[in-house]
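Hydrogens, waters and symmetry mates are skipped; everything else that's a heavy atom, side chains included, is used.
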Amino acid sequence: MKKLIKEGILEKIKDKNLYIFLAITIIFFGVFILKDYTVDSYLFFQETWREPFYHLASLGRLVTAIFWLIFSWTNFDIAYIASFLLAIISTTFSMYECNRILKRNIKNEKITRLLSVLVVINICTLELYMFFEKGIMMLSVLMSILAIGQLDKALQGDKKACIIILIEMFIANCCYQGTVGIFVAMGTIYIVKNSKNIKEFIKNNILVAGLYALPAILNLFIVKFIFHSSRLENGLSFYEKIKSILKTTLDIVKNTFDILPQYLFLGLLLITCIVFVIKIFRNREGKIGLNIFALIYVIIATILSTVAPQIMQAYVYMVPRNTFPLGAILAIVLILAYQRVKMGKVANTCVLLGGILFLSILFFNFMDITIGHYYTNRKDREIAERIASVVREYEEKTGEIISKVVIYKENIPYQYKNVRYNGDANVRAFYTDWGTRGILDIVLERDVKVVPEKKQEYEEFFKSQAWNEFDEDQIKLEKDTLHLCII
């Protein structure tokens, strides 16, 4: 057993594909070695390990909660580096394992490499890297890909493969639930491949649904009955959820969260589907109806695997990090095409050139959003330091110690000017109470409580002003309390 494991590790180390995927990962995400924050990152600076631990556990992200529990005894910098390295390793091995899976049925390795990159590095991946728990989020992707690698065996009746998938998918759910739908999205390709008749097709669908649902239900049980998440409480009606999901999904495919030029993603998807259909008719292998059905089936299943978790929640909230399978739909349709029809040299060349061009456009847009991300971090810190300077001066003069903050805000902007949207990743720290508290904890080097003790005279004063940039008049100090107006 040890010899087999050793040989497997040596095989991977010697494989040049591993280093190709590592280089691509570093090109796209190496910049995140520089410490970054999202508004949620500031939760980790409040009080002790307990608050972040129970928050993460209540979301069902038990692996992330345990990761934080371990590293909370060090410091945020060490935890961040560990998370970053885990993200790089997980992303690299996700593409590497995806490539190994695709090579079983697609003989052109240049194509399998490209498709593996397009699956893992899609329009939704950047936001996963912008959170402190980036390593665990990308580990979820890796565990889902590993589960896909066992699916052929499972569909052929291998019970051991089924058990491995259940374990891997449970770990994936406990890392981050927003990416696990990729198992179903890619799994549909193998359902079609392993179904000789309608009976087998139905049976295989039930098996894949079960392998996906059982770990998710167990994770849901933990969230609902042990940690009592508010996200599962009553909210929108079923009809309202479906209506919101349909509208948002169409907008995502059309606008891609403003990550790509409008209609580019949808246009490429339509072109891919049209070319696939043309190839289906030209190959004339007597499987025209089956292949067209497979195309429609895979697209619908990919969309459903993306939106299904939204139905379980109180409200519909679709952002890049929790729509990962939809981001990979272009690659999934291409994988299906390569497995169902013969693609000639011209088609291969077009796919390679088109894929490289698409990734180049994606890269430059990722970098533009990332620049805005670090600008947001810097701007937040500058304002926080100015607040801290005023507080320290006050404390030196009066001998009082500020331990409470009262926040005054109304219709404040989500982001700073000229910063591009990317889910919750480029939100100002001062947009939320916990973000404000967290960043003040950093600069003041103490725990500051947010309290609701607003004073009418300050509220009236703040409302009478028309600030465009941060002004020290937004700060009022009284005894142990900071009254802060957010604009």
* Once you round to the nearest 0.5 Å, how far does CE of M95 lie from CG of L118? -> 10.5 Å
* Working to the nearest 0.5 Å, report the span between CD of Q474 and OH of Y458. => 15.0 Å
* Asked: Knowing that exactly one of F364, F363, Y129 qualifies, which makes a ring pair (Phe, Tyr, Trp, His ring centres under 6.0 Å) with F28?
  -> F363
* For the atom pair OG (S83) and CD (E133), what is the distance rounded to the nearest 0.5 Å? -> 7.0 Å
* **Heavy-atom side-chain contact between M169 and V180 under 4.5 Å** => yes
* Can you name the one residue among F131, F132, W434, Y37 that meets ring pair (Phe, Tyr, Trp, His ring centres under 6.0 Å) with Y42? -> Y37
* Just say parallel, tilted or perpendicular for the rings of Y80 and F84, cut-offs at 30° and 60°. => parallel
* To do: May I ask you to decide if L246's main-chain N or O and T249's side chain share a donor-acceptor pair within less than 3.5 Å?
  => no
* State whether the side chain of Q310 and the backbone N or O of K241 hold a donor-acceptor pair below 3.5 Å, judged by distance alone. => no
* **Residue pair T188 / V208, side-chain heavy-atom distance below 4.5 Å** => no
* Asked: Would you say the side chains of T38 and S41 form a donor-acceptor pair under 3.5 Å?
  -> yes
* To do: For the residue pair F32 and H373, categorise the inter-ring angle as parallel (less than 30°), tilted (30 to 60°) or perpendicular (more than 60°).
  => tilted
* Heavy-atom side-chain contact between V391 and L444 under 4.5 Å -> yes
* Show your working on salt bridge (Lys or Arg N to Asp or Glu O under 4.0 Å) between K397 and E393 and close with a plain yes or no. => CA-CA 6 Å; K397 285 181 180 179; E393 189 178 335; 3.5 Å; yes
* For T179 and S140, run side chain to side chain donor-acceptor pair (under 3.5 Å): C-alpha distance rounded to whole Å, both residues' side-chain angles, the deciding distance at 0.1 Å, then the answer. => CA-CA 7 Å; T179 60; S140 176; 2.6 Å; yes
* List the steps, then state whether side-chain contact (heavy atoms from CB on, under 4.5 Å) holds for R113 with F21. => CA-CA 8 Å; R113 285 177 191 151; F21 293 129; 4.0 Å; yes
* Structure fact -> d(L477 CG, L482 CG) to nearest 0.5 Å is 5.5 Å
* Asked: So, do Y416 and D380 sit near enough that their side-chain heavy atoms are less than 4.5 Å apart?
  -> yes
* **side-chain contact (heavy atoms from CB on, under 4.5 Å) assessment of I123 paired with L326** => CA-CA 9 Å; I123 59 170; L326 190 60; over 6 Å; no
* To do: Report the C-alpha separation of F430 and I407 in whole Å, then their side-chain angles, then the decisive distance to 0.1 Å, and conclude whether the side-chain contact (heavy atoms from CB on, under 4.5 Å) test is met.
  => CA-CA 10 Å; F430 293 98; I407 298 170; over 6 Å; no
* Asked: With a cut-off of 6.0 Å (strictly less than), are more than 12 heavy atoms of other residues, nucleotides or ligands near NZ of K247?
  -> no
* When you check the gap from the basic side-chain N to the acidic O, do E395 and R446 get nearer than 4.0 Å? -> yes
* **Salt bridge flag under 4.0 Å for residues K35 and D77** => yes
* Asked: Do any N or O atoms from the side chain of R428 and from the backbone of P413 form a donor-acceptor pair under 3.5 angstrom?
  -> yes
* Judged by atom type as modelled, is there a donor-acceptor pair below 3.5 Å linking the side chain of T125 to the main-chain atoms of V120? -> yes
* Consider only side-chain N and O atoms of Y317 and D424, and report whether a donor and an acceptor are under 3.5 Å apart. => yes
* To do: Considering only NZ, NE, NH1 and NH2 on the basic side and carboxylate oxygens on the acidic side, decide whether R392 and E445 come within less than 4.0 Å.
  => no
* Is the backbone N or O of F257 less than 3.5 Å from a side-chain atom of N255, with the two atoms forming a donor-acceptor pair by type? -> no
* I20 vs N17 side-chain heavy atoms within contact, under 4.5 Å -> yes
* To do: Show the numbers, then the answer: is there a ring-ring contact (aromatic ring centres under 6.0 Å, His included) between Y408 and F462?
  => CA-CA 8 Å; Y408 301 77; F462 292 145; 5.0 Å; yes
* Please say whether more than 12 non-hydrogen atoms of neighbouring residues, nucleotides or ligands are located less than 6.0 Å from CD in Q456. => no
* Among side-chain atoms of D473 and Q465, is any donor-acceptor pair under 3.5 angstrom? -> no
* Asked: For Y375 and N418, what are the C-alpha separation, side-chain angles and deciding distance, and is it a side-chain contact (heavy atoms from CB on, under 4.5 Å)?
  -> CA-CA 10 Å; Y375 170 79; N418 302 318; over 6 Å; no
* **Interatomic distance, F358 atom CZ to L264 atom CG [nearest 0.5 angstrom]** => 6.5 Å
* pair L18-T92: side-chain heavy atoms closer than 4.5 Å -> yes
* **Side-chain heavy-atom pair T481, V406 within 4.5 angstrom cut-off** => yes
* To do: Please assess Y374 against N426 for the test side chain to side chain donor-acceptor pair (under 3.5 Å), listing each intermediate value before the final yes or no.
  => CA-CA 9 Å; Y374 280 101; N426 285 348; over 6 Å; no
* To do: Go through E127 and K134 one step at a time and tell me if the salt bridge (Lys or Arg N to Asp or Glu O under 4.0 Å) criterion holds.
  => CA-CA 9 Å; E127 196 192 9; K134 51 178 68 66; over 6 Å; no
* Asked: So, the side chain of S464 versus the backbone of F461: is there a donor-acceptor pair under 3.5 Å, distance only?
  -> yes
* Can you spot which of N322, L139, V141 makes a side chain to side chain contact (heavy atoms under 4.5 Å, CB included) with Y176? => N322
* **Heavy-atom pair with the smallest gap, counting every atom of S94 and M138** => OG-O, 4.2 Å
* Is any side-chain heavy atom of T436 closer than 4.5 Å to a side-chain heavy atom of V450? -> no
* T256 side chain to I252 main-chain N or O, any donor-acceptor pair under 3.5 Å? -> no
* Asked: When you check the gap from the basic side-chain N to the acidic O, do R386 and E382 get nearer than 4.0 Å?
  -> no
* Inspect the surroundings of CG in L214 and state if more than 12 heavy atoms from other residues, nucleotides or ligands are less than 6.0 Å away. => yes
* For the pair N75 (side chain) and I78 (backbone), establish whether a donor and an acceptor sit closer than 3.5 Å, ignoring hydrogens and angles. => yes
* Structure fact -> Which of N365, T370, D258 passes side-chain hydrogen bond (donor to acceptor under 3.5 Å, both in side chains) with R420? Answer is N365
* **N99 (side chain) donor-acceptor with S116 (main chain) under 3.5 angstrom** => no
* Structure fact -> Rounding to 0.5 Å, atoms CG (N173) and CD1 (I222) come to a distance of 9.5 Å
* For I259 against P320, the heavy-atom pair lying closest together -> CD1-CG, 4.4 Å
* Asked: Is it true that D480 and K449 have a side-chain N and a carboxylate O under 4.0 angstrom from each other?
  -> no
* Run the salt-bridge test on K409 and D433 with the 4.0 Å N-O cut-off and return the result as yes or no. => yes
* Asked: Would you say the side-chain atoms of E168 pair up with the backbone N or O of A147, donor to acceptor, closer than 3.5 Å?
  -> yes
